[in-house]
Amino acid sequence: VNKAVDFIRSRTGVQKIHLIGHSWGATVVAKYSAEYGEKLDRIVLFAPFVQRPNDPDLTEAPTVSYQCMTPQQRIEQFRGGTPRPDIVVLESDVLKKKKKKWLATDSIAKKKDKNQVCYPAGWYSDLFDTYHGKAHYDPAKIRNSVLLVRGEWDTSPSSQDAERLFEGLVNAETKRYCVIGSSTHVAHLETGRFQLYDEVGSFLTGKKIWRPKIDFRIFEVSRVLVAL
């Protein structure tokens with residue numbers, strides 16, 4: 001991330017940029033902000049990993065270097081975040097097109113005609129550490145302006161997690177905590193995503209923005225977004 005940030009700053013002439021991260025990517029953004037905050041203006045932590053003392057529901061440490069999942073399993077994982085099975089908030093395009101497009105991202109699966117996508121399991125190692133008191137970032141070291149955002153039904157982070165993180169941002173220049181109603185961990189793929197866009201856009205620009213008419217450039221680095 002640091003090399004990407006330096007490249008963008010050098011190429012554009014912009015001294016400070018915004019970083020947006022989701023889930024594990026938000027954890028990377030938090031760590032980067034704590035260590036290289038002088039290169040950043042504002043950061044968005046969308047559903048980050050938040051330290052817990054010792055989570056009783058996550059007791060088995062990861063033992064594999066990668067995981068595999070079928071597209072159908074991925075969709076079911078996304079749908080599983082709602083309070084009841086009959087509540088569907090995923091956008092119809094996700095339900096219709098996500099399976100095929102996600103499978104196409106794994107070139108090995110395409111060559112071997114396998115109906116599954118394999119991906120690194122490093123994120124799970126970080127989650128395990130975080131949920132057993134070993135977070136990879138210290139909220140008190142973050143000095144940039146922060147938007148912390150999560151879906152109402154998300155359990156990682158839960159409302160208690162998010163409030164604890166928000167309270168821990170004691171040195172942030174400014175901080176804002178937003179909950180997207182009737183949304184899960186993947187609010188960006190759901191019917192309430194325009195509220196997410198609006199909250200992020202207004203935080204970064206100071207303007208009220210509706211729908212994705214956002215007047216800044218965005219670059220994606222893994223699951224971290226860089227906005228100018």
Hey, can you tell me if Tyr36 and Tyr32 have their rings parallel, tilted or perpendicular (30° and 60° cut-offs)? parallel
Contacts of type side chain to side chain contact (heavy atoms under 4.5 Å, CB included), residue Asp55, not counting sequence neighbours: Arg52, Asp57, Leu58, Tyr131
With sequence neighbours excluded, give me every salt bridge (Lys or Arg N to Asp or Glu O under 4.0 Å) pair touching residues 128-154. none
Donor-acceptor under 3.5 Å (Lys175 side chain, Phe166 main chain): yes
Quick check: closest heavy atoms across Ser145 and Thr174, and the distance to 0.1 Å? OG-OG1, 2.8 Å
Any non-hydrogen side-chain atom of Glu199 less than 4.5 Å from a side-chain atom of Val149? no
Pairing residues for Glu173 by the salt bridge (charged side-chain N to carboxylate O under 4.0 Å, His left out) criterion, not counting sequence neighbours: none
Which one of Val186, Val88, Thr184, Val94 satisfies the side chain to side chain contact (heavy atoms under 4.5 Å, CB included) criterion with Arg79? Val88
Among Ile, Leu, Val, Met, Phe, Trp and Tyr joined by side-chain contacts under 4.5 Å, find the other residues sharing a cluster with Val89 and list them by chain and number. Ile87, Trp153
To check you understand the geometry: which heavy-atom pair defines the closest contact between His22 and Ala47, and what is its length? CD2-CB, 4.1 Å
With side chain to side chain contact (heavy atoms under 4.5 Å, CB included) as the criterion, how do Ile8 and Val14 come out once you've worked through the C-alpha distance, each side chain's angles and the decisive distance to 0.1 Å? CA-CA 8 Å; Ile8 292 169; Val14 174; over 6 Å; no
Just by distance, do the side chain of Ser23 and the backbone of Gly25 share a donor-acceptor pair under 3.5 Å? no
Would you please classify the geometry between the His188 ring and the Phe46 ring as parallel, tilted or perpendicular, with 30° and 60° separating the classes? perpendicular
Name all residues meeting the side chain to side chain donor-acceptor pair (under 3.5 Å) criterion together with Arg176; count only those two or more places apart in sequence or in a different chain, and write none if there are none. none
SB check Arg9 Asp6 (cutoff 4.0 Å): yes
Sequence neighbours left out, what passes salt bridge (charged side-chain N to carboxylate O under 4.0 Å, His left out) with Arg11? Give chain and number order. none
